[in-house]
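Notes to accompany the following structure.
Note: hydrogens, waters and symmetry copies are ignored here, and every other heavy atom, side chains too, is used. The sequence lines fix the lettering, A, B, ..., with proteins before strands; numbering per chain opens at 1.
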Protein chains: 2
Amino acid sequence: MANETENLSGFSPIDFLRTRSLANVVQHEIERMIVEGEFTPNERINENALAQQLKVSRGPIREACSALAALGLIQVIPNRGFFVRELSEEEALDVSEARACIFACMTMKVAERITDPEIARLRGLVDRMDELAKTGEVSQYYPVNLEFHSELARMCGSARLAQIYLGLARELHIQRYRALASGDVLDISNREHRAIVDAVAARDPQQAFAAGRAHIVNGTSRTRRAAVALRHSSD
Amino acid sequence: MANETENLSGFSPIDFLRTRSLANVVQHEIERMIVEGEFTPNERINENALAQQLKVSRGPIREACSALAALGLIQVIPNRGFFVRELSEEEALDVSEARACIFACMTMKVAERITDPEIARLRGLVDRMDELAKTGEVSQYYPVNLEFHSELARMCGSARLAQIYLGLARELHIQRYRALASGDVLDISNREHRAIVDAVAARDPQQAFAAGRAHIVNGTSRTRRAAVALRHSSD
DNA sequence: CGACAAAAAATTGTTGACAGTTTACCAAAA
DNA sequence: TTTTGGTAAACTGTCAACAATTTTTTGTCG
């Protein structure tokens with residue numbers, strides 16, 4: 001529990017000992033810098049500058065960037081360097097659709113294999129979110145929401161599906177398409193959570209698939225609306 | 001044609017010009033070597049030996065391996081090196097399940113948006129496979145089968161979903177879990193193809209999802225049975 | 001003043017070398 | 001014969017320097 005939040009962005013000492021190659025450390029560091037906005041989208045990653053800053057040579061930097069490029073977080077242009085990948089509006093929508101499909105598959109598979117204690121656990125999370133939604137405290141609601149999604153990923157029984165889902169979620173998160181939700185949106189979102197739990201509790205895969213897909217699709221349009229509103233208000 | 005023999009290590013000049021970074025060329029070369037069995041699963045990739053063989057230094061080799069590790073084709077153990085990743089039976093099954101889900105999503109999305117000319121195109125491919133299945137020539141059937149799957153990936157309208165699907169398919173292909181199918185298996189497989197086409201032609205997403213998922217799931221068990229039979233016959 | 005060309009600076013791509021770790025080998029003892 | 005200890009070889013991890021390319025600056029001409 002407490003460990004999970006601790007490991008979200010960084011890495012624990014045990015992980016550090018396991019893979020103490022600099023390239024690996026650098027990779028996570030660059031990832032962190034992108035997530036936390038120290039690199040802006042489309043910015044070039046200056047190898048020399050980063051090497052000096054992190055006090056390593058360019059070798060590990062390049063290895064880390066190559067890996068991140070393979071993961072899709074970084075784009076590489078020959079002889080010009082590594083660039084922080086920016087998702088266009090269109091691409092972000094595409095990735096969101098893929099995420100919706102995969103989340104739907106996960107909820108479907110959960111419905112095919114869930115146990116009673118797991119149902120209780122999901123209901124507990126939804127109940128907690130209901131209470132937090134009433135207060136409108138996004139900062140408290142959000143971690144539980146994340147845990148709910150992670151829990152479903154774990155319960156679906158397919159490590160690879162979960163891995164792909166979490167990768168897509170991270171990618172969208174990095175690109176700052178996170179919903180900056182307000183009170184009533186939380187309520188709507190959690191109603192969808194409840195629909196998912198009801199479907200999996202009924203062991204109804206089709207219903208679960210539909211509910212899961214709808215949740216992400218709706219979430220995406222909620223996020224988009226919020227982003228548009230934000231853009232208009234700041235102009 | 002004549003040029004191809006000139007490129008001993010197997011990349012075309014156009015590829016070389018597009019991304020003339022050595023790391024990229026090396027990456028594709030290693031991938032090819034894994035696919036074609038020049039590296040066996042769990043084998044360590046000797047950086048020095050490979051560097052000498054490809055006539056480059058270890059830098060590009062390490063960058064390429066880092067990327068392949070991020071793609072999941074290679075495993076890295078600190079201070080021991082890069083190893084060709086081997087999927088355990090269990091993991092291969094897990095990946096296959098993920099692949100089934102994603103293929104099912106693709107066929108579902110195809111059903112939601114397919115055009116009449118596209119339907120004709122798919123029917124054409126299935127018809128061709130029917131003829132080739134009669135002859136029992138796997139080597140002729142297989143490319144069309146691949147094209148059928150790729151075509152669906154293209155038609156699903158989500159580049160990312162298609163990318164994930166092709167990645168999973170490649171991973172399984174590399175791990176040699178490809179079906180070594182015989183005549184009647186081809187026939188059964190193509191009957192499933194026809195079911196998929198019928199469902200998408202009817203614009204029935206649910207049916208398409210079910211047909212797509214069944215096709216991969218059945219294909220997986222066909223492959224497993226073939227592998228088991230092969231193992232017993234060789235012991 | 002602006003366009004163009006050439007030189008300079010900055011940056012990426014690649015290499016070979018060195019340090020630290022792991023593996024292989026071999027001899028000596030139980 | 002097997003085990004153990006130590007030494008040497010092989011290999012990975014990292015770095016700094018060099019080559020090739022791109023970008024910026026500078027200088028010149030219309």
* To do: Tell me, with the steps shown, if R32(B) and E29(B) meet salt bridge (Lys or Arg N to Asp or Glu O under 4.0 Å).
  => CA-CA 5 Å; R32(B) 186 195 66 73; E29(B) 179 62 9; 2.8 Å; yes

* Asked: In whole angstroms, how far is the P atom of dT12(D) from the CG atom of N24(A)?
  -> 17 Å

* Find the distance N48(B):CG to dT12(D):P and express it as a whole number of Å. => 6 Å

* To do: Would you kindly give the CZ-to-C1' distance between F83(B) and dT23(C), to the nearest whole Å?
  => 11 Å

* To do: To the nearest Å, give me how far apart CG (L54(A)) and C1' (dG13(D)) are.
  => 17 Å

* CD/Q52(B): more than 12 non-hydrogen atoms of other groups inside 6.0 Å -> no

* Asked: Counting side-chain heavy atoms from CB outward, which of dT14(D), dG13(C), dT12(D) is closest to E47(A)?
  -> dG13(C)

* **salt_bridge(R85(B), E91(B)) N-O dist < 4.0 Å** => yes

* Asked: Under a 4.5 Å cut-off applied to non-hydrogen side-chain atoms, are F209(A) and M108(B) in contact?
  -> yes

* To do: Could you say whether V56(A) or R80(A) is positioned toward the 5' end of DNA chain D, judged by the nucleotide with the nearest heavy atom to each?
  => V56(A)

* Under 30°, 30 to 60°, or over 60°: which ring-plane class applies to H149(B) and F103(B), parallel, tilted or perpendicular? -> parallel

* To do: Begin with the C-alpha distance, continue with both residues' side-chain angles, and end with the deciding distance and a verdict on salt bridge (Lys or Arg N to Asp or Glu O under 4.0 Å) for R213(A) and E97(A).
  => CA-CA 9 Å; R213(A) 192 182 186 194; E97(A) 272 183 55; 5.9 Å; no

* Asked: Rounded to whole angstroms, how far apart are CG on L22(B) and P on dT21(D)?
  -> 12 Å

* Asked: When you measure from every atom of DNA chain C, which of residues 57-66 of chain B have a heavy atom less than 4.0 Å away?
  -> S57(B), R58(B), G59(B), P60(B)

* To do: For I77(A) and dT23(D), give me the distance from atom CD1 to atom C1', rounded to whole Å.
  => 14 Å

* **Atom-to-atom span, CD1 of I74(A) to P of dT12(C) - whole angstrom** => 12 Å

* To do: Specify the separation, in whole Å, of atom CD of Q52(A) and atom P of dA10(C).
  => 12 Å

* **Under-4.0 Å salt bridge between R160(B) and E171(A)** => yes

* Asked: Choosing from dT14(C), dG13(C), dG13(D), which nucleotide comes nearest the side chain of N79(B)?
  -> dG13(D)

* May I ask you to verify if any side-chain N or O of N46(A) is less than 4.0 angstrom from the OP1 or OP2 atom of dT11(C)? => yes

* To do: Indicate whether OP1 or OP2 belonging to dT12(D) is found under 4.0 Å from a side-chain N or O atom of R44(B).
  => yes

